[in-house]
Amino acid sequence: MSLTQTSEQSRDEKKRGRDLRLPLAALLFVIALAAPFIGTRYVIHALIIALVFMLPAHGLNLLVGYTGLLSLAQAAFFGIGAYTAGLLAITYGTPFYVNAVVAGLAAGAIALPLGVPALRLRSTSFVMCTLGFVIIGQAIAKNWISVTRGDMGLSGIPKPYFELGPLSFTVSGTTGFYYLALAIGVLATFAVWAIVRSPAGRNMVAIRENETLAESVGIPTWHYKLIVFMLSAVFAGVGGSLYAYYLTVVSPLTFQMYYSTTMLIIVLGGGAGMISGTVFGSLLFVGLTEALRITPELRMIAYGLCLLVLVFWFKKGFAPIINRVWNAIGGQK
């Protein structure tokens, strides 16, 4: 390398500035770990709810943000996961990690026969079909009394129990459950990151951008959509299991349409097709509103203001501006 090239490179590095992203990431990680010792008990509760809803939102982001399929079915798979984990815990007393995995697999398995006919539909018809899944799920939970106990629901779900060889322990208290939810949330985020960075993730984006062109170059678009639909259900099922363990109660209200719209707002408001958007959207649209539940009027005003800001100033969600700030911190223009 010549002296001229070396001097130009040094000037470019000075222009770029210092990369502060790693120290900032470390600081955010420390704050996340120290949250139970910094925030109040109710703030930690709000963070737990945000982490719980982040899981089905991650799955919905794979479907809406990366594959381009608008679905309202997440509440159905969320409820399936909650009931599966609750029934296993109450009936068989199996450990938490077994119930969470089975809940995710059960939701994914049920998504398969539902997705086969639904994914033959297009646009509005597909959205209405997925809405029907939520209504059917709630009806089954209400009327299959011998299994779900109807409107009484499942109660007395034990605390998360782990059994690892000779070591066994129970997660108790708000602080313990926060760390459990945080660990699962981090694992889910890395799983989504690995999926979207893989060749399969690039094929998903190709389907979103132009399905006809993607199919013409040999991408089996329908199979990809079915797999992503099942994956989104798996994330929702695991989130539902965590929700059941945290509340210790599951009822047909777990299937309510409000949950599906909340997950959709997280994805679209945070920034569809961006992992950082799902994380930020969960904290903002679930964590903040949950923290303000003690003041219902202020809660709804804050929620409405966030939606208005999105509609008028951030039509692609908050993730683009988050990424710009992140790049600026890294010294990039």
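Atom set for the values below is all heavy atoms of this structure, side chains included, hydrogens, waters and symmetry mates excluded.
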Checking the side chain of [X] only, and the main-chain atoms of [Y] only, is there a donor and an acceptor separated by less than 3.5 Å?
X	Y	value
Thr130	Leu72	yes
Gln74	Pro56	yes
Arg208	Gly65	yes
Asn61	Gly273	yes
Ser216	Leu213	yes
Thr261	Tyr258	yes
Gln138	Pro252	yes
Thr254	Val250	no
Ser232	Phe229	yes
Glu209	Ala206	no

How close do [X] and [Y] get, counting heavy atoms only, and between which atoms?
X	Y	answer
Ser71	Leu63	CB-CD2, 3.4 Å
Thr94	Tyr245	O-OH, 4.1 Å
Ala89	Ile157	CB-CG2, 4.2 Å

### Query
Using the ring of each side chain (for Trp, its six-membered ring), is Phe190 parallel, tilted or perpendicular to Trp193, with breaks at 30° and 60°?
perpendicular
### Task
Evaluate the side-chain proximity of Tyr246 to His45: yes if any heavy-atom separation is below 4.5 Å, no if none is.
yes
### Message
Among residues at least two apart in sequence or on other chains, which ones pass salt bridge (charged side-chain N to carboxylate O under 4.0 Å, His left out) with Arg122?
### Response
Glu211
### Task
Check whether NZ of the Lys or CZ of the Arg Arg149 lies under 6.0 Å from the centre of the six-membered ring of Trp144 and within 45 degrees of that ring's axis.
no
Hey, do the aromatic rings of [X] and [Y] have their centres closer than 6.0 Å?
X	Y	value
Phe78	Phe255	no
Phe169	Phe162	yes
Phe53	Tyr259	yes

